[in-house]
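Sequential numbering from 1 along the given sequence is applied to the chain's residues.
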Amino acid sequence: MAFVLIHGASFGANCWDELIPHLSAEALAVDLPGRGARAEVDLGTVTLADCADAVREDIEAKDLRGVVLVGHSFAGVTIPRVLDLIPDRIRHVVRVGRGAGGQIPGA
């Protein structure tokens with residue numbers, strides 16, 4: 001099992017820094033395009049598909065399986081797209097103060 005943490009629209013992966021030491025399994029905080037490690041991407045060009053692809057890329061790069069996907073705010077619209085891309089790698093989904101939109105299959 002691994003936690004994959006997705007930040008909200010005006011944050012970066014570092015917003016999870018205080019939480020990560022308290023988790024009981026490996027944790028990966030993803031920077032969405034235009035933020036943090038992906039800051040070189042122009043925010044004006046970023047699509048929801050780009051956000052989902054960034055999460056997928058990071059999960060696949062670490063070969064994570066049994067993922068608990070945790071998303072804050074804007075990540076609520078990114079999560080369903082990630083589920084469409086790599087459903088076999090995701091075990092659970094947690095939405096924290098999710099933004100509008102996005103329905104989780106089977107929910």
Side-chain angles (χ1 to χ4, degrees):
M1 180 176 82
F3 292 95
V4 174
L5 312 167
I6 309 170
H7 63 80
S10 61
F11 298 97
N14 65 340
C15 75
W16 300 105
D17 286 353
E18 290 186 35
L19 173 68
I20 290 173
H22 301 284
L23 297 174
S24 61
E26 179 178 0
L28 168 67
V30 175
D31 274 313
L32 295 178
R35 303 286 181 196
R38 291 183 168 101
E40 76 283 352
V41 178
D42 177 7
L43 278 172
T45 67
V46 176
T47 66
L48 292 174
D50 295 334
C51 293
D53 283 338
V55 176
R56 177 192 51 78
E57 288 169 8
D58 286 0
I59 290 171
E60 289 179 343
K62 292 210 172 244
D63 195 27
L64 300 177
R65 299 185 184 277
V67 168
V68 177
L69 199 55
V70 180
H72 171 253
S73 188
F74 173 75
V77 296
T78 302
I79 286 173
R81 289 163 176 79
V82 174
L83 289 170
D84 285 343
L85 294 173
I86 50 171
D88 56 312
R89 292 181 181 258
I90 310 301
R91 179 183 292 174
H92 298 290
V93 170
V94 179
R95 288 176 164 181
V96 181
R98 79 171 180 94
Q103 194 171 29
I104 302 234

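- From I86, atom CD1 reaches atom CD1 of I59 across 3.5 Å, with rounding to the nearest 0.5 Å.
- Applying the side chain to side chain donor-acceptor pair (under 3.5 Å) test to pairs two or more places apart or on separate chains, those with a residue in residues 32-46 are R38-D58.
- Taking I20 as the reference, L5, W16, A27, A29 meet the side chain to side chain contact (heavy atoms under 4.5 Å, CB included) condition, with sequence neighbours excluded.
- Taking the side chain as every heavy atom from C-beta outward, S73 and F11 never approach each other to under 4.5 Å.
- The hydrophobic clustering, which links ILVMFWY residues whose side-chain heavy atoms are closer than 4.5 Å, places L83 and F74 together.
- Using a 4.5 Å cut-off between side-chain heavy atoms of Ile, Leu, Val, Met, Phe, Trp and Tyr, with links allowed through other members, V82 and V46 fall into different hydrophobic clusters.
- The two residues H7 and V30 make their nearest non-hydrogen contact at CD2-O, 3.1 Å.
- Listed by chain and residue number, nothing satisfies the side chain to side chain donor-acceptor pair (under 3.5 Å) test with D17 (two or more places apart in sequence, or in another chain).
- A single hydrophobic cluster is seen to contain both F3 and V96, as judged by linkage of ILVMFWY side chains at heavy-atom distances under 4.5 Å, directly or through other members.
- Listed for the D50 side chain is a donor-acceptor partner under 3.5 Å among the backbone atoms of T47.
- To the nearest 0.5 Å, the span separating CD1 on I79 from CG on L69 amounts to 4.5 Å.
- Between the CG atom in L85 and the CD1 atom in I90 there is a gap of 9.5 Å [rounded to 0.5 Å].
- Remark: T78 OG1 to I6 CD1 distance equals 6.0 Å, nearest 0.5 Å.
- Between A2 and L64, the shortest heavy-atom contact is CB-CD2, 3.9 Å.
- Partners of E60 according to the salt bridge (Lys or Arg N to Asp or Glu O under 4.0 Å) rule, which considers only residues two or more places apart in sequence or in another chain, are R56.
- Pairs engaging residues 18-31 under the side chain to side chain donor-acceptor pair (under 3.5 Å) rule: none recorded [sequence neighbours left out].
- Under the side chain to side chain contact (heavy atoms under 4.5 Å, CB included) criterion, R91 pairs with M1, sequence neighbours left out.
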